[in-house]
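The next block holds one structure in the form of structure tokens; read it before the comments.
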Amino acid sequence: MQKNLVIVESPAKAKTIGKFLGKNYKVKASVGHVRDLPKSTLGIDIENNFEPKYITIRGKGPVIKELKSEAKKVDKIYLATDPDREGEAISWHLSHILGLDEEDPVRIEFNEITKEAVSGAIKNPRPINRDLVDAQQARRVLDRLVGYKISPLLWRKIRKGLSAGRVQSVAVKLVCDREKEIEEFVPEEYWSIKGIFEKNKKDFEASFYGELKDNKEVKKDLKSKKEVEEVLESLENEKYSIHEVKRGTKRRNPYSPYTTSTLQQDASKRLRFSAKKTMVIAQQLYEGIDIKGEGTVGLITYIRTDSTRISKEAIKETNNFIIENYGKDYSSNGKKARKKKSGDIQDAHEAIRATSVSRKPEDIKESLSADQYKLYKLIWERFVASQMSAAVYETLSIKIKSGNYIFRASGSKLKFDGFMRIYNAYESENNIELPNFKEGEEVKLKKLNPNQHFTQPPARYTEATLIKILEELGIGRPSTYSPTISTILNREYVVLENRSFRPTELGLLVTDLLEDYFKNIINEEFTADMEERLDEVADGKLPWKKVIEDFYSEFHEVLEVAEKEIEKIEIKDEVTDVICEKCGKNMVVKYGRYGKFLACPGYPECKNTKPFLEELNVNCPRCDGKVVERRTKKGRKFYGCSNYPKCNFMSWDQPIDEKCPECGDILVKRVNKTSTTIKCMNKSCGYKKVEKDIK
């Protein structure tokens, strides 16, 4: 009987696959890459057509020795690394170390780790795809050239420990550009008028739109209080009647199943998971979980993909499940999800979905950790909902006429919930039901509410919106979003404040320097174009060394100019009046992963640090201290007393220098995109005031 060796990357994956295969198969893990470029040197022979110099990764000796030993005992070796460029490159390096012929059918791949998928892959091995390997090599060499050529320059000109990269530097630039937009933003005043009307003793709201001119509606923008007063004066003593009534239906289609990017975005918004945490947990779900009564099985498909495609088998299974559990009306009848990009190499993969829709989240909850359950539930619901029918709303829109002025109101009523039967736990449509109207009938005006507004600057990027813009611009690929964000945080180029990215002084300084000297290389267009060229390499349309050669010819010239022209830059720390209690020096402001902190300038002799406390002009309600801004160990902002730990006053919402008009306790405010809520800290009081459209 033939003996076989299957090699995967991770021990968890090896454990799962080992349970699917018979006794004639042994499954071993390479534990990631076994060969790479050296860390201590560039590792690329620029004079020899950019030939990379691979070495065995330090610490991998015992793993390689075991793999070689096992390889001698078997008749056939299968390389079952992940189904992407990175996985293909790992298989290529393994074939080199084990002396395999890459032209032989040694490579197997599967999109999900289930018994059927693994067994099917074993029956259909193929040669290693050198185009995919070369695309990965090109990316690795490009990143090494940028990182190892620009980073030392930053070390010499600014400070040690800095780094630059094709994708990470563009990500920092996006954050810096947004911050400059915010700083340069000039608010513009505008006004709105809301009318409260009554019909049959039922109130409804309509918004002022404009006026009728030659029987045509013309929108009237109100930009000053004077203009508003003119409109209000014209509306005095006027009658109001229904000018137009439109009834209809609106369909809300289900979302496509997750890609890597949309999963990271949704997990950030709905579960408050970082991109890194999302990918770690998703990898666990993909590689296999021991399910009670079933054994170890992969719960979701491969997690690095930019496709929304679903296999015919999965569509059929899911639609049968929907019909059995919810009825025929809820099934989309097997309508396929749209492909995102027909030509991308990643479209070889499916979307991220449950490997079997019959594994309901609630049924396997006991076998999962709390975070695994949350993420699996998110993926399962999105996938099932993607194959369900659209939600249907009855809509009603009306126009109210008063003289020559027009007000508008619209409402909707859910007629059929469709996919929202499952997905409505997270998102819902505003259900505003209006009374029935007939054209020409009069309605009673109860009140006109004029409101002043100011245009708002663009919001800072969150993890979700930064990933979204990187994807939209074509910068990076599914596997790069999470490590890119981790890198720019760890390098202290950006910090997270209220879950939004803000550039540090260091990030702004490095970005300005790179823009001055590497503008044609470190920018959005170049990086996106390079990703397309790497896709061409993966498709076999372009030699990978040609990509490197075209890049390096310009890069080398710019690098020489920068080396000569850039002067040594001194970063001056902001000195505070806080005295270090260990050595007596004035402490300085430093930036860490979660924002500012105080550090002793005597480092490394004195390593004293303490939180940076931003004092609010608000007295502590419990003692004579002041309220200060603090942060948890994970970076979440809260407010406490400057006399902590003697006083343990704490609030997640920002206290303000006003007392509750009802009980005299302290008031706090919470700001979101559409309103500011002022409420009393005394829960038994219940005082609350909401100010709409104020930021």
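FYI, side chains are in, hydrogens and waters are out, and symmetry mates aren't considered; it's all heavy atoms of this structure.
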### Task
Take T484 and T487, measure what side chain to side chain donor-acceptor pair (under 3.5 Å) needs, and give me the verdict at the end.
CA-CA 5 Å; T484 295; T487 299; over 6 Å; no
### Query
Below 4.0 angstrom, N of the basic side chain to O of the carboxylate: do K173 and E524 qualify?
yes
#### Entry: N-O pairing of E536 and R533 below 4.0 Å
no
### Neighbour count above 12 (heavy atom, 6.0 Å) for E366 CD
no
### Query
About how many Å separate NZ of K269 and CG of D266, when rounded to the nearest 0.5 Å?
5.0 Å
#### Entry: Side-chain (N325) to main-chain (F321) donor-acceptor, under 3.5 angstrom
yes
#### Entry: Check: E103 main-chain N/O paired with D101 side-chain donor or acceptor under 3.5 Å
yes
### Task
Take Q2 and N4 through the test side chain to side chain donor-acceptor pair (under 3.5 Å) and record every step on the way to the result.
CA-CA 7 Å; Q2 178 175 289; N4 307 280; 2.7 Å; yes
### Task
Test the K250-Y393 pair against the cation-pi criterion, namely NZ or CZ under 6.0 angstrom from the six-membered ring centroid and within 45° of the ring axis.
yes
### Message
Whether K15 and E287 form a salt bridge (side-chain N of Lys/Arg under 4.0 Å from carboxylate O of Asp/Glu) is what I want to check.
### Response
no
### Task
With the side chain counted from C-beta on, respond yes when I289 and V297 share a heavy-atom pair under 4.5 Å apart, and no when they do not.
no
### Task
Would you check if the side chain of R353 reaches a backbone N or O of A314 as a donor-acceptor pair within less than 3.5 Å?
no
#### Entry: SB check E88 R130 (cutoff 4.0 Å)
no
### Message
Let's go through N333 and N319 carefully: what are the C-alpha distance in whole Å and the side-chain angles of both, what is the deciding distance for side chain to side chain contact (heavy atoms under 4.5 Å, CB included) to 0.1 Å, and is it a yes or a no?
### Response
CA-CA 7 Å; N333 297 316; N319 276 278; 5.6 Å; no
### Query
Between S331 (side chain) and K328 (backbone), is there a donor-acceptor pair under 3.5 Å?
no
### Query
Around K3, counting heavy atoms of other residues, nucleotides and ligands shown, do more than 12 lie under 6.0 Å from its NZ?
no
#### Entry: Verdict with reasoning, I291 to T296, per side chain to side chain contact (heavy atoms under 4.5 Å, CB included)
CA-CA 6 Å; I291 303 299; T296 304; over 6 Å; no
### Gap separating the CG atom of D329 from the CZ atom of R421, nearest 0.5 angstrom
11.0 Å
### Message
Between Y373 and E362, is the side chain to side chain donor-acceptor pair (under 3.5 Å) condition met? List the steps.
### Response
CA-CA 8 Å; Y373 168 73; E362 291 300 324; 2.2 Å; yes
### Query
Any side-chain donor paired with an acceptor under 3.5 Å for E317 and S356?
yes
### Task
Have a look at Y54 and tell me which of R35, Q137, H96 forms a side-chain hydrogen bond (donor to acceptor under 3.5 Å, both in side chains) with it.
Q137
### Message
Using only atom types and a distance under 3.5 Å, with no angle test, would you say the side chain of K60 pairs donor to acceptor with the backbone of V31?
### Response
yes
### Message
I'd like to know if the side chain of T355 and the backbone of L299 have a donor-acceptor N/O pair within less than 3.5 Å.
### Response
yes
### Summary
Heavy atoms of A29 and V63 approach each other most closely as O-CG1, 3.8 Å
### Main-chain N/O of G476 paired with E531 side-chain donor or acceptor, under 3.5 Å
yes
### Task
Check step by step if side chain to side chain contact (heavy atoms under 4.5 Å, CB included) holds for L285 and Q372.
CA-CA 7 Å; L285 297 174; Q372 286 172 344; 4.1 Å; yes
### Query
Got a salt bridge between E463 and R499, using NZ or NE/NH1/NH2 to carboxylate O under 4.0 Å?
no
### Task
Using a strict 4.0 Å threshold on nitrogen-to-oxygen distance, state whether E66 and K28 make a salt bridge.
yes
### Query
Between Y255 and Y423, does the ring centre distance come in under 6.0 Å?
yes
### Query
Does NZ in K26 sit with more than 12 non-hydrogen atoms of other residues, nucleotides or ligands closer than 6.0 Å?
no
#### Entry: Heavy-atom check, side chain of E244 versus side chain of I398, under 4.5 Å
no
### Query
Sub-3.5 Å donor-acceptor pair from the side chain of S410 to the main-chain atoms of S397, do we have one?
no
### Query
Does a salt bridge link D131 with K541, judged by any charged N lying under 4.0 Å from a carboxylate O?
no
### Query
Taking NZ, NE, NH1 and NH2 as the nitrogens, is one of them in R359 or E294 under 4.0 Å from a carboxylate oxygen of the other?
yes
### Query
Do the charged groups of R477 and D535 touch, with an N to O distance under 4.0 Å?
yes
### Task
Would you check if the distance from the ring center of Y330 to the ring center of F419 is below 6.0 Å?
no
### Query
Does E109 come within less than 4.0 Å of R126, counting only side-chain N to carboxylate O?
yes
### Query
Given side chains that start at C-beta, do those of P127 and E102 come closer than 4.5 Å, heavy atoms only?
no
### Query
Judged by atom type as modelled, is there a donor-acceptor pair below 3.5 Å linking the side chain of E471 to the main-chain atoms of S261?
no
## Note on the structure
Only one of H33, E9, H93 passes side chain to side chain contact (heavy atoms under 4.5 Å, CB included) with T81, and that residue is E9
### Message
Checking the side chain of T395 only, and the main-chain atoms of G411 only, is there a donor and an acceptor separated by less than 3.5 Å?
### Response
no
### Message
The test is side chain to side chain contact (heavy atoms under 4.5 Å, CB included); show your working for I7 and I77 and say whether it passes.
### Response
CA-CA 8 Å; I7 302 177; I77 298 174; 4.2 Å; yes
### Query
Does NZ or CZ of R178 fall inside the cone over Y461's six-membered ring, less than 6.0 Å from its centre and within 45° of the axis?
yes
